[in-house]
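Everything below concerns the one structure shown next.
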Amino acid sequence: MDLTRTDPEPADSESMDSVRVGPEPAEPAPVGLVPANPAPAEPAPVGLVLVDLGPGDPRMAADVAPLIRALRPRLSADAFTAFAEEGHAQGLRFTVAYDTASGRALGAATHRVLATSRGRLLFVDDLVTAAGSRGRGVGARLMAELERRGRAEGCVRLELDSGTTNVDAHRFYHARRLTVAAFHFGRELEPDPGTDGGPGTEGGVGTEGGVGTDADPGRDEDPGTDADPATDRGSAGR
């Protein structure tokens, strides 16, 4: 033994193991081994056929009403029928996306062409996808069809409203290059037997706060359909 040696002897493997701190290094998983908790698979895209429906078609009550009423919780079945009849007479169209395999209605859009001082618009009143079918391309297919129809009708813009808390829908629209171009203002109108609510009254056409007072009409928004943002999901709930 060299008694003059001052540096410590190298520890053998046993002593090294006895002072190891931290977890043992993980062994590589065997090739082809499936993890115990694999990430959920993305829903597969569905084959779709788009159909326009109107009042009197039994599929309006069976297929369209449940989708729109999921978006508008306060809308009763009878109110939906009345709305569909009146809206259709005003030019509102109902486009429904059906699964080609099952025949189920997976989404719907209500839309109309509007002539405005800012040009001809395709306005989307409602856009909704069935809860169990989101993320499968239904909303994207409907949006693509709406854009196609807008161009065919000579529209210069596609516009819609979306509830302020409906962030999932906001992400969907931003991903499709829709922009937030204006604020949408509204208030409830209670029946007032003392006035006729016609032009010249507060909030009427041409008065302060009414239609036609925006100094920049190019940035104004058309009135939407979200009467109760606190409960509705906006005109684009998906």
Side-chain angles (χ1 to χ4, degrees), residues 46 48-99 102-115 121-134 138-139 141-143 145-146 149 153 158-166 168-169 172-173 184-198 201 203-204 211 221-238:
V46 292
L48 297 171
V49 59
L50 303 184
V51 179
D52 279 6
L53 303 179
D57 190 314
R59 292 173 293 180
M60 288 288 286
D63 299 336
V64 183
L67 290 167
I68 301 300
R69 292 180 63 198
L71 189 64
R72 311 289 183 200
R74 296 186 177 184
L75 191 68
S76 67
D78 289 342
F80 170 82
T81 300
F83 142 72
E85 291 177 352
E86 184 175 5
H88 194 268
Q90 295 174 355
L92 187 67
R93 296 296 176 258
F94 297 79
T95 301
V96 188
Y98 283 95
D99 183 353
S102 67
R104 292 178 54 241
L106 303 184
T110 68
H111 51 95
R112 65 185 87 201
V113 173
L114 298 176
L121 309 177
L122 182 75
F123 192 84
V124 184
D125 291 61
D126 306 292
L127 177 62
V128 58
T129 300
S133 299
R134 292 172 187 164
V138 179
R141 175 68 184 278
L142 284 167
M143 282 294 295
E145 175 65 12
L146 293 171
R149 293 191 186 201
E153 291 284 351
L158 180 149
E159 294 187 350
L160 53 84
D161 288 337
S162 182
T164 55
T165 61
N166 195 0
D168 288 339
F172 175 84
Y173 298 126
H184 173 82
F185 291 91
R187 73 175 186 185
E188 300 295 328
L189 296 179
E190 301 296 335
D192 185 357
T195 62
D196 59 9
T201 63
V211 178
E221 287 288 318
D222 282 320
T225 60
D226 189 4
D228 190 355
T231 57
D232 280 5
R233 293 176 58 88
S235 62
R238 284 206 311 131

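- The salt bridge (charged side-chain N to carboxylate O under 4.0 Å, His left out) contacts involving residues 54-65 comprise Asp57-Arg59, where partners must be two or more places apart or lie in separate chains.
- Shown here are the side-chain hydrogen bond (donor to acceptor under 3.5 Å, both in side chains) partners of Glu145, two or more places apart in sequence or in another chain: Arg148, Arg149.
- Using modelled atom types and a 3.5 Å distance limit, the side chains of Thr110 and Asp126 yield a donor-acceptor pair.
- Of all heavy-atom pairs between Ala108 and Leu67, the closest is CB-CD1, 3.9 Å.
- In plain terms, the two heavy atoms of Pro66 and Ala61 that are nearest each other are CD-O, 3.5 Å.
- Annotation: side chain of Arg69 is not in contact with side chain of Arg74 (no heavy-atom distance under 4.5 Å).
- Note that CG of Leu158 is 10.0 Å distant from NE2 of His111, once rounded to the nearest 0.5 Å.
- Contact between Arg104 and Ser133 at its shortest, heavy atoms only, is NH1-OG, 4.4 Å.
- Distance check, rounded to the nearest 0.5 Å: CE of Met60 to CD1 of Ile68 gives 8.5 Å.
- Side-chain atoms of Arg134 come within 3.5 Å of backbone atoms of Thr129 as a donor-acceptor pair (strictly under, hydrogens ignored).
- Using a 4.5 Å heavy-atom cutoff, the side chains of Arg72 and Phe83 are not in contact.
- Relative ring orientation between Phe94 and Phe80 is described as perpendicular, the plane-to-plane angle rising above 60° on a 0-90° scale split at 30° and 60°.
- The CD atom of Glu153 sits 11.5 Å away from atom CG of Leu114, with the distance rounded to the nearest 0.5 Å.
- Between the CG atom in Leu122 and the CD atom in Glu159 there is a gap of 9.5 Å [rounded to 0.5 Å].
- Atom CG of Leu127 sits about 6.5 Å away from atom CE of Met143, to the nearest 0.5 Å.
- Separation of atoms OH (Tyr98) and CG (Leu106) is listed at 10.0 Å; rounding is to 0.5 Å.
- Of all non-hydrogen atoms in Leu142 and Val128, the two that sit nearest each other are CD1-O, 4.4 Å.
- The two residues Ala109 and Leu146 have their closest heavy-atom pair at CB-CD1, 4.1 Å.
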